[in-house]
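First the structure, in the form of structure tokens, and then the observations on it.
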Amino acid sequence: MSHPQFAAELLQRAEKQGPITIGLAGAGQMGTDIVVQVALMPGMRIGAISEVRPQAAIDAALLAGHDRSDIVQAPNAGAIDRAIEAGKIAVTEDLHALAAAGRIDVIIDATGNPNIGTLFALEVMKNGKHIVMLNVEADITIGRFLKEEARKAGVVYTGAAGDEPACTLEIIGFAKSLGFTIVAAGKGKNNPLNLDAVPADYEKEAAARNMNARMLVEFVDGSKTAIEMVAIANATGLVPDVPGMHGPTATLEELASVLCPREDGGVLHRKGVVDYSIGKGVAPGVFCIIETKHPRVLERMIDLKVGKGPYFTIFRPYHLTSLEVPLSAARAVVYKRADMEPLDHPVAEAVAVAKTNLGAGQSLGMIGENDYRGFAMTWEDARARGALPLGLAERAKVVKPIKAGDFLTYENSVPDDSMVITQIRRRLDQSDGRFVTNAA
């Protein structure tokens with residue numbers, strides 16, 4: 001959470017050292033928001049944007065109020081640095097040039113591709129720069145490896161403020177620092193849940209909402225919720241209570257009496273879990289269910305109308321997605337601190353479940369397409385089932401027929417070994433003693 005003095009600190013820093021200079025990879029929906037928001041923030045600026053469609057980056061900068069004459073094409077790192085020194089915004093098609101440019105303090109990855117994001121993050125860190133990843137898919141697959149690489153390079157690797165995981169962590173941290181017991185934490189699901197959703201059925205809605213149908217389906221079919229809850233789990237040690245989580249239709253008022261232990265009338269088998277609700281009044285917010293045993297604290301909480309007790313809902317009614325992201329970049333530079341980073345060992349896994357019957361020899365598409373959806377469970381459970389991590393499903397080959405509703409496993413599918421994310425994950429699994437054999 002930003003300190004009230006943070007804006008003043010950014011201005012003071014800018015007076016002494018110049019504004020925090022951000023490099024941005026990707027000028028899609030999220031990237032464009034970031035360019036516009038940074039232009040409104042004290043003590044910060046966009047120095048360069050890397051985008052395969054340069055016009056998208058130029059349009060984003062124009063939308064943010066920059067003059068066309070202040071937006072220059074830069075083919076290499078030297079050209080990017082010269083543009084920044086002249087107070088201009090560099091646009092490049094080369095991610096390597098962005099990673100290497102010396103005038104950039106911190107880089108935000110808004111590419112949205114787990115494999116490209118991983119390669120890029122490693123290069124950014126090797127170049128001694130902090131990295132803010134909007135790439136939760138990469139984080140849940142190999143985040144602990146990226147965190148370790150950042151530590152070796154003496155830089156910050158962080159998840160992004162504004163996304164539900166970091167917003168939830170904010171209130172978990174608040175509750176923990178007050179000594180409350182964390183019973184459950186999570187989010188309200190924004191889109192109606194339809195496990196069988198495919199892009200063809202959502203083209204119209206996606207167009208109306210100015211988004212890509214695949215991205216919309218990733219939200220609708222529950223994949224994104226699984227990804228986000230696993231990210232929270234692996235940053236805190238909270239776990240999915242049951243495979244797939246409960247996902248009750250609890251309203252904001254009901255949350256604390258539903259996401260609590262069964263002996264107290266709730267649905268949970270244990271305390272310390274991640275979950276989501278599809279009930280009214282929770283989305284687009286994030287929540288943390290807490291418990292206090294002390295009668296004095298209990299009395300005060302009830303008196304302050306937080307709830308009836310003994311369980312209470314701490315609630316943040318909004319998450320501003322891409323608009324908050326620059327705060328993570330600023331905190332990485334000013335405080336050398338991550339807003340969100342994984343623990344050294346994961347406790348949860350998002351795995352892939354077939355949406356339709358899959359035949360041997362088939363090569364799988366992306367998350368949010370027709371082949372599979374994300375599903376959250378504990379790390380141990382995923383291991384015991386030999387389940388394929390969701391982040392490795394794209395371009396995986398089916399080697400045995402898989403029925404709709406069944407898990408993709410290392411036995412019935414083979415991840416694509418040409419992807420660096422697959423290679424890194426295999427090494428992590430081997431160091432955990434999970435030797436993966438493939439039927440390729």
Side-chain angles (χ1 to χ4, degrees), residues 25-26 50 94-96 98-100 107 109 111-127 129 131 133-153 155 157-159 223 226-227 230-231 234 341-352 358 361-367 369 371-372 374 379 382-400 402 407-440:
S50 168
D94 188 350
L95 280 173
H96 307 287
L98 185 68
I107 287 183
D109 169 34
T111 58
N113 179 305
N115 195 56
I116 292 169
T118 299
L119 281 163
F120 180 53
L122 291 172
E123 195 170 343
V124 166
M125 295 191 284
K126 279 197 187 89
N127 277 286
K129 292 183 187 60
I131 179 96
M133 293 275 277
L134 267 75
N135 208 318
V136 194
E137 290 78 0
D139 184 73
I140 60 163
T141 312
I142 57 158
R144 58 191 163 130
F145 171 80
L146 294 172
K147 179 182 83 165
E148 181 56 24
E149 291 301 299
R151 193 189 59 75
K152 286 184 202 158
V155 296
Y157 162 80
T158 180
S223 297
I227 290 163
V230 167
N234 288 338
E341 60 179 4
L343 302 168
D344 291 334
H345 200 285
V347 296
E349 184 88 86
V351 301
L358 302 171
Q362 199 172 332
S363 181
L364 300 176
M366 298 167 79
I367 301 171
E369 289 184 341
D371 301 331
Y372 56 87
W379 171 260
R383 268 179 88 128
R385 294 170 193 250
L388 187 72
L390 183 62
L392 303 188
E394 186 182 333
R395 304 204 328 222
K397 259 288 191 321
V398 179
V399 289
K400 291 181 183 171
I402 307 168
F407 290 104
L408 273 62
T409 65
Y410 281 108
E411 200 186 320
N412 62 30
S413 45
V414 180
D416 177 359
D417 249 336
S418 72
M419 298 207 291
V420 71
I421 196 165
T422 309
Q423 297 159 20
I424 293 169
R425 179 55 193 255
R426 193 181 296 277
R427 289 206 299 274
L428 288 173
D429 285 340
Q430 284 169 347
S431 66
D432 291 331
R434 178 187 188 175
F435 291 97
V436 175
T437 55
N438 273 326

Under 3.5 Å, side chain of [X] to main-chain N/O of [Y], donor-acceptor pair present?
X	Y	answer
K400	S413	no
K147	P342	yes
S223	G374	yes
N234	A231	no
N115	I421	yes

Shortest non-hydrogen contact between [X] and [Y], atoms and distance:
X	Y	value
I107	K129	CD1-CD, 3.8 Å
Y157	M133	CE1-CG, 3.5 Å
L388	A393	CD2-CA, 3.9 Å

> Residues two or more places apart in sequence or in another chain: which of them pass side-chain hydrogen bond (donor to acceptor under 3.5 Å, both in side chains) with E148?
Replying inline: R151

> What residues, two or more places apart in sequence or in another chain, satisfy side-chain hydrogen bond (donor to acceptor under 3.5 Å, both in side chains) together with E123?
Replying inline: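 Result, side-chain hydrogen bond (donor to acceptor under 3.5 Å, both in side chains) vs E123: H96.
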
>> Evaluate L146 against D139 for side chain to side chain contact (heavy atoms under 4.5 Å, CB included), listing each step before the verdict.
In response: CA-CA 8 Å; L146 294 172; D139 184 73; 6.0 Å; no

> Rounded to the nearest 0.5 Å, what separation is found between the CD atom of E394 and the CG atom of D371?
Replying inline: 10.5 Å

> How would you list, by chain and number, every residue that makes a ring-ring contact (aromatic ring centres under 6.0 Å, His included) with F145, sequence neighbours excluded?
Replying inline: none

> Can you check whether V155 reaches V124 side chain to side chain, under 4.5 Å on heavy atoms?
Replying inline: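 In short, these two side chains do not touch, never coming nearer than 4.5 Å.
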
